[in-house]
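Remarks on the structure that follows.
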Amino acid sequence: MRQTKYFLKTSKTVSEDEPTVNGRLLEQAGFVSKLMAGVYTYLPLGLRVLNNISKIVREEMNAVGASELLMPMLHPKEIWQTTGGWDNIDVLFKINSRTEKEYALGQSEEEVVTPLVLSRVQSYKDLPLAVYQIGWKFRDELRAKSGLLRGREFLMKDMYSFHVSQEDFDRFYAEAKQAYFKIFTRLGLTAKATEASGGSFSQKISYEFMVLTDAGEDDILYCETCDYCVNVEITELKSGASCPKSCGGLLTQGRASEVGNVFDLGQKYGKDFGLGFTDVGGNKQYPVMGCYGIGISRLMGVIAETMNDPKGILWPENVAPFKVHLIALPGKDAENVFSASDKLYAELIESGVEVLYDDRADTSAGEKFADSDLIGIPHRVIISQKTLADASVEHKKRNEDKSSLVSLDQVRQIL
Ligand code: ATP
Ligand code: MG
């Protein structure tokens, strides 16, 4: 993308009412624009990041055998009454229609997915099944002051699985948990899985996947030695205590953000809708269900929140909006610099490298570097009169201080 044509504008000023680092950095660097608390436009750069995160999540969900679909966000009141959510879920947005009907905006989709799937399942032979979507969710959150970490409208991956037995559920649940760890690792994050009680509808075990950050809203205790981790809300344990896994380690307390979770829903939803399947013996059974969430837009916030320096964001390569920021410094030799830069730009695109090309003619080098640091693309390639004298470009990684001269012939090999 050529910056002269791209819808991208960075800003030097920091919005006063944005208390978190991710909210400030993402606005300043031109990734998002806040419409109101907890509601954002994802600008072209930000949308690319959301899509990159979604792609990784999608690949790992497909790998556990789940089928992607897309469910509606506007729901009839009746399905939420069937499960009790209409009266019990405080974050549910309710909408009055001029027809006097009422609707809900999806805050999660068990109410849609259960009848959808079970009306197409007849016998135990049709199970197990897992479906997922990546879609917008709406929640009437009281405090939406954490940038992308807590939206009133946010992007979530939600998967739902259906099983003939608890054993089969447990098998899939373990696979899904491993897929989650893979996802967070691919995103460059270290996530810890806490064991937690399963929220308002289920007393079954659930896991919350936590990433340490001061902008998070959960307090966790985690072992320095093994992978034990627990939410402070539910535990009697205290910071400094010995790890209950007897590994010899001690527990440390930290602030964290929940980037995903997996729940055992038991048979609640099948029972609520009176929908099940016929088992081997010909009897009607309700499936054991699981639900598995990942906060896609929250992840974007957590990455910006935890991977930055005083100059801006440091995107991991898998997530970055572009791989390379090509910067032309025209100086007194604009014609040659732009012609060499245009050529390299075309070659990189041709070989499938995603490039943002700062082809602005009237912007100072200092301003271009400041913008580039703020935006945080992993590789920077500079072409100037000076580098051209050596038939080279200057290459620098965003997370390193040193730069090196690379000959124009070889630049494609290092990117
Ligand atoms: P929290 O405790 O943070 O409110 P939750 O337990 O309500 O989260 P779920 O309903 O399980 O979350 O949603 C699945 C995932 O969606 C969460 O793990 C989180 O990553 C993300 N998420 C939940 N609420 C929000 C929100 N308001 N804004 C952005 N992401 C969210
Ligand atoms: Mg919540």
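In listed order, ligands and their atoms are each counted from 1. Note that this is a predicted model, so its numbers are computed, not measured.
- Ring centers of Tyr269 and Phe162: at least 6.0 Å apart, outside the cut-off.
- For ligand 1, the atoms sitting less than 4.0 Å from at least one non-hydrogen atom of Gly260 are 18 (O), 20 (O), numbered in the order shown with element in parentheses.
- Nearest protein neighbour of atom 22 (N) of ligand 1, counting heavy atoms only, is Phe154 CE1, 3.5 Å.
- When Glu233, Glu208, Arg139, Arg152 are ranked by how near their heavy atoms come to atom 5 (P) of ligand 1, first place goes to Arg139.
- Per-residue contacts place Gly151 under 4.0 angstrom from the following atoms of ligand 1 (heavy atoms of the residue considered): 26 (C), 27 (N), 28 (N), 29 (C).
- In this structure, atom 11 (O) of ligand 1 lies nearest to the protein heavy atom Asn261 ND2, 2.5 Å.
- Among all protein heavy atoms, the one lying closest to atom 4 (O) of ligand 1 is Arg150 NH1, 3.0 Å.
- At a heavy-atom cutoff of 4.0 Å, ligand 1 is contacted by both the backbone and the side chain of Glu258.
- Asn51 contributes no side-chain N or O that, together with a main-chain N or O of Ser54, makes up a donor-acceptor pair within less than 3.5 Å.
- The contact set between ligand 1 and Val259, taken as ligand atoms under 4.0 Å from a residue heavy atom, comprises 18 (O), 20 (O).
- Inspection of the Asp279 and Gln285 side chains reveals an N or O donor paired with an N or O acceptor under 3.5 Å.
- Atom 15 (C) of ligand 1 has Gly295 N, 4.0 Å as its closest protein atom, hydrogens excluded (heavy atom only).
- Annotation: Tyr357 is in aromatic contact with Tyr345 [ring centroid separation under 6.0 Å].
- Taking the ring centroids of His379 and His395, they lie under the 6.0 Å cut-off.
- Aromatic ring centres of Tyr42 and Trp136: separated by under 6.0 Å.
- Of the heavy atoms in Leu299, none comes closer than 4.0 Å to ligand 1.
- Which of Arg298, Glu217, Glu141 comes nearest to atom 27 (N) of ligand 1 through a heavy atom is settled by distance: it is Glu141.
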After noting the C-alpha distance and the side-chain angles of Asp168 and Arg171, does the key distance pass the salt bridge (charged side-chain N to carboxylate O under 4.0 Å, His left out) rule?
-> CA-CA 5 Å; Asp168 191 60; Arg171 170 198 61 78; 2.9 Å; yes
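- Ring pair Trp80/Tyr103: centre-to-centre distance not below 6.0 Å.
- Between Phe184 and Phe209, the ring centre distance stays below 6.0 Å.
- Using a 4.0 Å cutoff on heavy atoms, Asp218 does not count as a contact of ligand 1.
- At a 4.0 Å heavy-atom cut-off, ligand 1 touches Met156 through the side chain alone.
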